[in-house]
Amino acid sequence: MSFPLLTVTAAVPAVGAILTAAVPAARRTAAKWLALLVSLVTLVLAAVVLVRFEPGGDRYQLVESHSWIKDFGVRYELGVDGIGVALIALTALLIPFVILAGWHDADPLETKSSRWRPTQGFFALILMVEAMVILSFEATDVFLFYILFEAMLIPMYFLIGGFGDRAHSGSDENAAAQRSYAAVKFLLYNLVGGLIMLAAVIGLYVVAGNFSLTEIAEARASGQLEMATNTERLLFLGFFFAFAVKAPLWPLHTWLPNAMGEATAPVAVLITAVVDKVGTFAMLRFCLQLFPEASKWATPVIIALALVSIVYGALLAVGQRDIKRLVAYASISHFGFIIMGIFAMTTQGQSGATLYMVNHGISTAALMLVAGFLISRRGSRLIADYGGVQKVAPVLAGTFLIGGLATLSLPGLAPFVSEFLVLVGTFARYPVAGIIATTGIVLAALYTLVLYQRTMTGPVKTEEVRTMPDLRVRELVVVAPLIALLIFLGVFPKPLTDIVGPAVTHTMSDVQQKDPQPTVPIQNAEAAK
């Protein structure tokens with residue numbers, strides 16, 4: 001029996017979460033270092049998975065399969081393709097930075113709310129989320145994936161509701177109420193999506209007789225399993241609805257600004273850069289692979305919803321007065337690009353969407369974490385409370401600028417490559433949609449540069465800003481690698497494209513789509529004379 005590398009990669013943070021939670025209450029620092037060590041070990045294991053994965057090999061590699069609930073055909077079945085490997089690497093990479101950035105976020109406060117800040121619990125919950133997200137990227141059994149898809153809501157609920165942002169303009173009671181509201185809204189939205197998905201999972205089992213993604217997909221491709229048109233469409237809608245809530249896609253997005261606004265900056269990164277990627281990943285893995293005809297049937301409506309997300313999210317980001325809510329609405333716009341790329345049904349679009357998932361995770365992490373450092377110094381999330389920061393904290397301002405420029409997809413930074421591919425892939429099949437989506441780029445430049453201008457430039461407005469320290473060593477350790485990675489992948493994205501390319505080819509084959517041919521004929525030399 002081969003070494004169960006995928007299981008171990010997910011099990012290490014799960015076991016680490018239990019050990020971290022068990023650290024005595026008085027040993028808070030020991031719990032932090034233990035959580036950081038576990039996250040680094042997980043990163044090493046994810047790197048091993050990345051190295052052992054062969055882009056030109058089988059579609060699913062490092063496969064593990066064991067009987068779990070035999071009577072119902074449920075198996076503990078794991079395997080990774082290029083898309084899953086890339087997202088596992090992203091998750092494992094970001095968690096150590098999340099832990100370092102939140103090093104003091106759960107320290108006890110001398111207030112009534114201090115009971116909500118057990119340090120050990122905070123870091124244990126982060127590790128538990130990491131374990132569930134990694135395992136969801138590995139699961140090839142639909143029922144196993146569903147359990148993970150729902151179970152990760154529990155630790156996220158407590159991270160949002162129990163460890164909220166301390167930079168709240170109201171009283172402690174009002175802040176607690178806002179956190180509770182955001183956490184409950186997050187939970188209810190995702191639970192409703194999950195319940196609808198559960199009905200679709202049961203329906204899929206009734207039709208297919210098992211939960212194995214690979215077996216169902218192979219049976220469909222070979223013609224051994226046929227679904228009635230209406231049945232396939234209903235099942236597709238059940239899966240897609242849950243994934244659209246998680247992603248989030250307009251109009252199912254409203255939980256995200258509340259959750260990111262009330263959570264600490266590291267938890268906000270966990271939400272949008274890690275957990276939300278499960279939704280877009282599942283669209284590629286499950287919707288397109290299990291329901292190819294229904295995916296093509298629903299494409300026009302999904303493209304339209306993605307366009308609304310792009311423009312609507314960017315417009316609301318322009319009008320925000322809260323830094324964290326601005327980043328949240330910007331993320332809604334970016335997820336619109338990702339979903340549009342997936343359902344453009346072109347190689348460039350789906351490759352760009354996959355790269356966008358990775359690059360958005362890195363760029364959003366960089367911007368949000370630097371914003372968190374800024375907010376912790378001033379004690380306010382309001383843009384109007386800043387001004388002139390670059391005069392007193394030039395390194396903080398510089399890293400904030402790079403994170404912002406990555407968010408607007410500046411050429412030379414990683415998100416540009418992915419956004420360009422999404423637009424090219426979309427324009428090839430849906431030129432009008434591609435043209436409309438470019439307005440998101442203009443609006444992104446507007447909200448990013450206005451945010452930087454109002455917070456970082458101009459005169460120093462307040463004494464709190466005048467005495468603001470620059471980034472400390474721990475904070476530089478968090479930000480510098482993310483900035484370096486944004487620049488590296490912006491200049492040389494080939495390592496990522498080589499990994500995801502074959503997986504995208506398989507997905508295009510699932511939906512039986514080929515890239516459109518150019519509509520403008522190429523004139524030969526004789527015709528040109």
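Values below: every heavy atom of this structure, side chains too, minus hydrogens, waters and symmetry copies. The structure presented is a predicted model; accordingly, all values stated were derived computationally and were not measured.
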- [ ] Identify which one of Pro248, Ser331, Ser309 satisfies the side-chain contact (heavy atoms from CB on, under 4.5 Å) criterion when paired with His253.
- [x] Pro248
- [ ] Give every residue pair that meets the side-chain hydrogen bond (donor to acceptor under 3.5 Å, both in side chains) criterion with at least one member in residues 414-423, sequence neighbours excluded.
- [x] Tyr356-Glu419, Asn359-Ser418, Ser409-Glu419
Task: Positive for salt bridge (Lys or Arg N to Asp or Glu O under 4.0 Å) with Arg220, one of Glu226, Glu293, Glu232 - done: Glu232
Task: Heavy atoms of other groups near Phe241 CZ, more than 12 under 6.0 Å - done: yes
Task: Under 3.5 Å side-chain donor-acceptor pair for Tyr430 and Thr299 - done: no
Open item on the list: Could you check whether Phe186 and Tyr157 have their ring centres less than 6.0 Å apart?
Closed with: no
Open item on the list: Heavy-atom count check: over 12 atoms from other residues, nucleotides or ligands less than 6.0 Å from Tyr205 OH?
Closed with: yes
Open item on the list: I'd like to know if the side chain of Arg285 reaches the main chain of Ala139, judged simply by a donor and an acceptor atom lying under 3.5 Å from each other, with no hydrogens or angles considered.
Closed with: yes
- [ ] For the pair Asp141 (side chain) and Arg75 (backbone), establish whether a donor and an acceptor sit closer than 3.5 Å, ignoring hydrogens and angles.
- [x] yes
Open item on the list: For the backbone of Phe149 and the side chain of Lys246, can you confirm whether one donor and one acceptor N or O come within less than 3.5 Å of each other?
Closed with: yes
Open item on the list: I'd like to know if the side chain of Thr426 reaches the main chain of Leu423, judged simply by a donor and an acceptor atom lying under 3.5 Å from each other, with no hydrogens or angles considered.
Closed with: no
Task: Glu64 side chain to Leu6 backbone, donor-acceptor under 3.5 Å - done: yes
Open item on the list: Given 3.5 Å as the limit, does a donor-acceptor pair link the side chain of Gln61 with the main chain of Glu54, or not?
Closed with: yes
- [ ] Would you please test His360 and Thr272 for side-chain contact (heavy atoms from CB on, under 4.5 Å) and show each step?
- [x] CA-CA 9 Å; His360 171 264; Thr272 190; 3.6 Å; yes
Task: Ring geometry between Phe243 and Phe286 (parallel below 30°, tilted from 30 to 60°, perpendicular above 60°) - done: tilted
Task: Side-chain (Trp255) to main-chain (Val245) donor-acceptor, under 3.5 angstrom - done: yes
TODO: Name the orientation class of the two ring planes belonging to Phe239 and Phe291 (parallel below 30°, tilted from 30 to 60°, perpendicular beyond 60°).
DONE: tilted
Task: Aromatic plane relationship, Phe236 with Phe240 - under 30° parallel, 30 to 60° tilted, over 60° perpendicular - done: parallel
Task: Ring-ring centroid check Trp68 Tyr76, cutoff 6.0 Å - done: no
Open item on the list: Quick check against the 3.5 Å criterion: does Glu77 have a side-chain atom that pairs as donor or acceptor with the backbone of Ser212?
Closed with: no
- [ ] Kindly check if the number of other-residue, nucleotide or ligand heavy atoms within 6.0 Å of CZ (Phe145) is above 12?
- [x] yes
Open item on the list: Which residue is it: Leu100, Leu40, Val133, Leu270? I am looking for the one with a side-chain contact (heavy atoms from CB on, under 4.5 Å) to Ile95.
Closed with: Leu270
